[in-house]
Amino acid sequence: MMFIEDDHGIPDEVLAEIDHHVLKNADFPLYYRHSYTTEKFPYFSHTLMPRVELDGVRRSVFFDFFNDIVLHFCHKHGVNVSHVTRACVNSTIHHDTPFSEPHVDYTDDHYVVLMYLNDCDGDTIIFDKKYTDGPTHLSIDEGKSMSIFKRVTPKAGKIILFDGKNYHTNVFPSPGKFRFVCVFTCF
């Protein structure tokens with residue numbers, strides 16, 4: 001399985017810009033989303049580019065900024081990315097469950113590039129199980145019985161890239177904390 005983890009994927013000066021323009025900016029637009037994989041886990045999000053099946057039009061003035069980070073990271077690690085299929089900044093909050101539903105973002109071959117924007121708890125879990133057909137998300141109970149390929153702890157500036165056909169999920173942060181990530185799906 002393709003997996004890259006870079007603790008310093010976002011350069012310090014760029015991370016400072018993210019801190020100023022996103023994390024500490026009261027005007028950075030985050031919108032309430034009623035569902036994550038299901039309606040059990042609402043969260044906040046800023047769409048940089050909606051899924052291609054919706055229209056794939058780059059709507060956010062922040063798209064190029066985050067896309068440049070992804071392209072630099074991929075070039076640094078020798079990964080060829082030709083097309084972005086979705087991009088967003090997500091902020092998840094505490095939910096009283098071990099993690100959200102294991103899921104895949106797309107059924108076709110793709111990569112997930114996940115940028116951690118703040119230090120927090122709320123690990124990312126990537127399971128050994130790959131999507132072949134059927135549902136794109138599984139129950140939490142099914143997730144509890146799957147083998148874990150990688151468990152990644154968020155750290156501001158860390159970027160991971162992995163095979164998007166592997167089911168993955170996130171642990172929710174502690175009460176009163178926020179988990180900020182930027183997610184790109186691409187091939």
Side-chain angles (χ1 to χ4, degrees), residues 1-10 33 35-45 51-53 69-70 73-74 76-175 177-187:
M1 180 182 118
M2 168 73 95
F3 179 83
I4 299 168
E5 180 174 358
D6 186 338
D7 282 346
H8 304 287
I10 303 174
R33 306 289 187 202
S35 68
Y36 200 63
T37 49
T38 68
E39 292 189 2
K40 294 178 187 175
F41 307 115
Y43 67 108
F44 297 91
S45 185
R51 293 175 180 272
V52 292
E53 65 270 20
I69 298 168
V70 169
F73 169 83
C74 289
K76 176 181 176 182
H77 293 283
V79 177
N80 184 23
V81 171
S82 61
H83 191 73
V84 174
T85 55
R86 176 181 74 109
C88 57
V89 173
N90 291 339
S91 178
T92 52
I93 57 174
H94 177 74
H95 292 281
D96 194 21
T97 183
F99 45 75
S100 69
E101 290 102 345
H103 64 280
V104 295
D105 297 302
Y106 287 97
T107 58
D108 296 331
D109 290 338
H110 67 285
Y111 297 120
V112 174
V113 178
L114 185 60
M115 295 177 258
Y116 296 98
L117 306 184
N118 69 325
D119 292 328
C120 68
D121 52 355
D123 290 0
T124 300
I125 299 172
I126 304 164
F127 297 98
D128 278 336
K129 182 175 181 170
K130 285 190 164 209
Y131 173 86
T132 52
D133 65 6
T136 57
H137 68 275
L138 305 173
S139 72
I140 292 170
D141 285 339
E142 287 172 296
K144 289 178 186 177
S145 68
M146 290 192 294
S147 296
I148 294 174
F149 169 73
K150 286 282 184 189
R151 186 175 180 120
V152 181
T153 300
K155 176 183 173 246
K158 181 187 291 190
I159 300 178
I160 62 173
L161 178 145
F162 59 92
D163 183 338
K165 289 191 88 168
N166 281 76
Y167 284 94
H168 54 280
T169 190
N170 68 280
V171 176
F172 293 108
S174 301
K177 303 290 183 184
F178 292 87
R179 178 182 186 266
F180 279 91
V181 297
C182 181
V183 182
F184 271 64
T185 54
C186 45
F187 61 88

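If you read the sequence from its start, that first residue is 1, and numbering goes on from there. These numbers come from a predicted model, not from an experiment.
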**OP:** Test salt bridge (charged side-chain N to carboxylate O under 4.0 Å, His left out) on Lys130 and Asp163 and set out the steps.
**Re:** CA-CA 9 Å; Lys130 285 190 164 209; Asp163 183 338; 2.5 Å; yes
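- When side chains are defined from C-beta on, Asp128 does not count as touching Met146, because their heavy atoms never get closer than 4.5 Å.
- In this structure, Leu138 and Tyr167 have side chains that are in contact, with non-hydrogen atoms separated by less than 4.5 Å.
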**OP:** Show your working on side chain to side chain donor-acceptor pair (under 3.5 Å) between Asp6 and His77 and close with a plain yes or no.
**Re:** CA-CA 9 Å; Asp6 186 338; His77 293 283; 2.9 Å; yes
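- Taking the six-membered ring for Trp, Phe172 and Phe41 have ring centres closer than 6.0 Å.
- Screening Asp105, Asp109, Thr132 for a side chain to side chain contact (heavy atoms under 4.5 Å, CB included) with Lys165, the sole residue that qualifies is Asp109.
- Tyr106 carries Arg51 over the face of its six-membered ring, with the cationic atom under 6.0 Å from the centre and within 45° of the normal.
- Side-chain contact between Tyr111 and Val70: absent, with no pair of heavy atoms (C-beta onward) separated by less than 4.5 Å.
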Original post:
Does the pair Val181 and Asn170 meet the rule for a side chain to side chain contact (heavy atoms under 4.5 Å, CB included), with working shown?
Top reply: CA-CA 11 Å; Val181 297; Asn170 68 280; over 6 Å; no
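- The aromatic rings of Phe127 and Phe99 lie perpendicular to each other, with more than 60° between the two planes, well past the 30° mark.
- The side-chain heavy atoms of Glu5 and Lys158, taken from C-beta on, include a pair separated by under 4.5 Å.
- Side-chain contact between Tyr116 and Lys155 is absent, with no heavy-atom pair separated by less than 4.5 Å.
- If you run side chain to side chain contact (heavy atoms under 4.5 Å, CB included) between Ile160 and each of Thr124, Asp7, Val112, only Thr124 comes through.
- Note: Phe180 and Phe178 have tilted aromatic rings, judged against thresholds of 30 and 60 degrees for the angle between ring planes.
- Remark: side-chain polar atoms of Thr85 are paired, donor with acceptor, to backbone N or O of Thr185 under 3.5 angstrom.
- Checked by atom type and distance alone, the side chain of Lys40 never pairs as donor or acceptor with a backbone atom of His95 at under 3.5 Å.
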